[in-house]
Amino acid sequence: MVRVRFAPSPTGPLHIGGVRTALFNYLFARHNNGTMILRIEDTDQTRFVEGAEEYIINSLEWCGIKFDEGIREGGNYGPYRQSDRRNIYEKYAKQLVESGSVYMAFDTAEDLDLLRAKAEAEGKTFTYNHETRKRLRNSLALSKSDVDDLIKEGTPYVLRFKMPENRVVELFDEIRGEIKFNTNELDDKVLMKTDGLPTYHMANIVDDHLMEITHVIRGEEWLPSLPLHALLYEAFSWQPPKFAHLPLILKPSGKGKLSKRDGDQLGFPVFPIEWNNGDDVFRGYREDGYFPEAFINMLALLGWNPGTEQEIFTMKELISSFSLERVGKSGSRFDPDKTKWFNHQYLIKKTGKELAILFNAELKNRGISPEITTVERICEMLKERVNFVSELWDEAYFFFVSPSEYDEKFLKKACKEDTAQLMMKLVSILETIDDFSSENSEAIVKKWLEADEIGFGRVMSPFRLALVGAGKGPHVFDIAEIIGKEETLKRIKLLIEFL
């Protein structure tokens, strides 16, 4: 039975890289009829940010990523918040102490800062590892009596993993294949902090084991931690899960990992929904007008290849098609224009009725309350022209308000010396029409133009200018039908007066 987890830390807003990790876990779980778990990893209380946990949950809910077990859902493997599992970790820390897999380190932060500064001055990098631990303030270098005295005095200490020497750890990654690590190049990570809480490494391993996680699917940035995690499973004599490390999401330039600040600098969101905690405000895809389905579709194709030319996937289709075998090793370049394209594809698939409900909110904010059927028709007519519902107003404003001015460039192009006279003739013809449908009005006007041998553009361009105020918009007779005969005549007369 496949069991996977998404385990974010509540240290701020959830970056789209984190959302993609959650998505790939979700798709893998659903594809294999497995279980998806949300676990909040909040052992680092110094980096805890108020509101971040709720933000994470709300973001994933908007994305349509659902959990079977977690903070809100509950389950048989809880608690699902690491700060509520403190007693559990103490038990397993003692087990590691007894097996000799960890040691007590009494070095203060000041001691280590001095060692780092000294090494830096010598052009070196200080690392707490198999070489340096032998001469530092820890239970491996000190005598047992000295260690006992420090403990009696209440001297704070951390538990560090005793990385074995001269060993090559051979591991398998579901995406990257065989990977080898030399333990001499690794440091002795802290597993338990002075406050009695575990670090990510310790809590992560214990929780994954106790929650019976079968596959750990996480970002590439955790690849350097893989040997430590594998050795911890070994130290506990536990069967490890299968590991899969996802490729990075790169900046649009392809150079470097997409960061939290790139959105503001480059003009696109990097968070699913808006984050605002008073100090920092970041744009969100939801607030920018993206549909969650489009956002998820875009993310799925950042690093995963379906093996076909298909680009538009429903969540159901993604679940059916997804496999780790088709996740690439190389970083995926984020393309903000392609993201807009995805949203456009989902927008044009929506009916005029669906879009009218969304667009109507914008109209109400502007104090406009047209018939909903009219809004539906306008949305259906214009949806091919926009990427977002918010862009509909710029394409449709003339359906609701008369032009207050005329585009100067188009005015010069559309209006000649005889334009006013032609417009007066157009008014006289339109006034006689009872069936003001687009098709009927166009047929009658065309008959006049052909009979009098008048070029179509000589009348249609100023006609459009009168109704729209510019040289844009859908078919001019469709506009006339929607705004109605009375409004159409009124706008043409205003242009005549202007000319």
Side-chain angles (χ1 to χ4, degrees), residues 3 5-11 37-48 53 69-71 74-109 111-112 128 133 136-142 144-164 186-213 216 218 222 225-241:
R3 287 176 61 83
R5 84 309 193 262
F6 179 57
S9 298
T11 55
I37 299 164
L38 176 65
R39 185 175 73 221
I40 299 296
E41 301 199 336
D42 61 345
T43 56
D44 190 350
Q45 293 295 306
T46 61
R47 296 178 63 220
F48 176 79
E53 181 181 303
E69 300 173 25
I71 301 296
N76 297 327
Y77 295 80
Y80 293 93
R81 187 183 289 107
Q82 285 187 338
S83 57
D84 297 331
R85 300 171 62 85
R86 183 169 183 155
N87 294 338
I88 296 173
Y89 306 125
E90 290 174 359
K91 169 187 171 183
Y92 291 99
K94 288 177 183 176
Q95 192 173 319
L96 290 177
V97 171
E98 290 167 3
S99 68
S101 300
V102 298
Y103 60 91
M104 291 176 278
F106 299 91
D107 317 89
T108 65
D111 293 336
L112 297 177
Y128 210 123
R133 69 191 177 202
L136 295 172
R137 201 164 176 242
N138 57 60
S139 58
L140 298 178
L142 300 172
K144 186 179 183 306
S145 61
D146 286 343
V147 171
D148 291 341
D149 288 341
L150 287 170
I151 293 173
K152 286 177 184 176
E153 292 166 8
T155 306
Y157 65 87
V158 298
L159 291 181
R160 287 184 178 273
F161 184 72
K162 186 181 177 183
M163 188 63 66
L186 306 174
D187 59 336
D188 293 355
K189 293 289 186 187
V190 174
L191 299 184
M192 295 292 286
K193 297 174 287 188
T194 56
D195 60 5
L197 281 173
T199 59
Y200 166 83
H201 304 290
M202 175 72 176
N204 178 275
I205 297 305
V206 171
D207 288 345
D208 282 350
H209 172 72
L210 295 180
M211 293 181 181
E212 299 182 10
I213 300 303
V216 172
R218 59 190 181 185
W222 292 111
S225 301
L226 181 58
L228 169 62
H229 294 175
L231 290 170
L232 272 170
Y233 276 103
E234 184 181 288
F236 282 119
S237 299
W238 293 339
Q239 179 68 31

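Computed over heavy atoms, backbone and side chain alike; hydrogens, waters and symmetry mates excluded. All of these numbers come straight from a predicted model, not from anything done at the bench.
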Is there a side chain to side chain contact (heavy atoms under 4.5 Å, CB included) between Ile88 and Leu210? Walk through the geometry before answering.
CA-CA 10 Å; Ile88 296 173; Leu210 295 180; 3.5 Å; yes
Going through the checks in order, is the side chain to side chain donor-acceptor pair (under 3.5 Å) test met by Thr108 and Asp111?
CA-CA 5 Å; Thr108 65; Asp111 293 336; 3.0 Å; yes
With side chain to side chain donor-acceptor pair (under 3.5 Å) as the test, would you mind laying out the steps for Asp207 and Tyr89 before giving the verdict?
CA-CA 9 Å; Asp207 288 345; Tyr89 306 125; 2.7 Å; yes
List the steps and the verdict of side chain to side chain contact (heavy atoms under 4.5 Å, CB included) for Leu136 and Phe106.
CA-CA 9 Å; Leu136 295 172; Phe106 299 91; over 6 Å; no
Using the rule given for salt bridge (Lys or Arg N to Asp or Glu O under 4.0 Å), can you reason through Arg81 versus Glu41, listing the C-alpha separation, both sets of side-chain angles and the distance that settles it, and then say yes or no?
CA-CA 6 Å; Arg81 187 183 289 107; Glu41 301 199 336; over 6 Å; no
Verify side chain to side chain contact (heavy atoms under 4.5 Å, CB included) between Phe6 and Leu38, making sure each step is shown before the conclusion.
CA-CA 5 Å; Phe6 179 57; Leu38 176 65; 3.9 Å; yes
Evaluate the side chain to side chain contact (heavy atoms under 4.5 Å, CB included) criterion for residues Leu226 and Arg218: first the C-alpha distance (whole Å), next the side-chain angles of each, then the deciding distance (0.1 Å), finally the verdict.
CA-CA 11 Å; Leu226 181 58; Arg218 59 190 181 185; 4.1 Å; yes
Derivation of the side chain to side chain donor-acceptor pair (under 3.5 Å) call for Ser9 and Thr11:
CA-CA 6 Å; Ser9 298; Thr11 55; 5.5 Å; no
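The backbone N or O of Pro198 lies less than 3.5 Å from a partner atom in the side chain of Thr43, making a donor-acceptor pair. Without hydrogens or angle criteria, Asp42 side chain to Pro10 main chain gives no donor-acceptor distance under 3.5 Å. Listed for the Arg160 side chain is no donor-acceptor partner under 3.5 Å among the backbone atoms of Tyr103. Proximity of a side-chain donor or acceptor of Thr199 to a complementary backbone N or O of Val190 within less than 3.5 Å is detected. Tyr80 places a side-chain N or O within donor-acceptor distance of the main-chain N or O of Tyr77, the cut-off being under 3.5 Å. A donor-acceptor contact shorter than 3.5 Å links the side chain of Asn138 to the backbone of Leu140.
The aromatic rings of His209 and Trp238 sit parallel, their planes meeting at an angle under 30°, below the 60° perpendicular limit. The aromatic rings of Trp222 and His201 stand perpendicular to each other, their planes meeting at an angle above 60°, with 30° marking the opposite boundary.
Rounded to the nearest 0.5 Å, atoms OG (Ser99) and NZ (Lys94) are 14.5 Å apart. Between the CZ atom of Phe48 and the CG atom of Asp44 there is a distance of 11.5 Å, given to the nearest 0.5 Å. To the nearest 0.5 Å, atom CG of residue Leu191 and atom CG of residue Asn204 are 11.5 Å apart. Atom CD1 of Ile213 and atom CD1 of Ile37 lie 3.5 Å apart (nearest 0.5 Å). The structure places CG of Leu159 at 12.5 Å from NZ of Lys193, a figure rounded to the nearest 0.5 Å. Taking OG1 of Thr155 as the start and OH of Tyr157 as the end, the distance is 10.5 Å to the nearest 0.5 Å.
Within the 4.5 Å cutoff, no side-chain heavy atoms of Met104 are placed close to those of Val97. Side-chain atoms of Tyr128 and Lys189, non-hydrogen and from C-beta on, never get closer than 4.5 Å to each other. With a 4.5 Å cut-off on side-chain heavy atoms, Val102 and Met192 do not count as touching. Looking at Ile40 and Gln82, their side chains never come closer than 4.5 Å, going by heavy atoms from C-beta outward.
For the side chain to side chain contact (heavy atoms under 4.5 Å, CB included) with His229, the lone residue among Asp208, Ile205, Val216 that qualifies is Ile205. A side-chain hydrogen bond (donor to acceptor under 3.5 Å, both in side chains) with Glu69 is found for one member of Arg3, Arg5, Arg39 and no other, namely Arg3.
Between Arg137 and Asp107 there is no salt bridge, since none of the side-chain N atoms of the basic residue sits less than 4.0 Å from a carboxylate O of the acidic one. Taking a cutoff of 4.0 Å between a charged side-chain nitrogen and a carboxylate oxygen, Lys144 and Asp148 qualify as a salt bridge.
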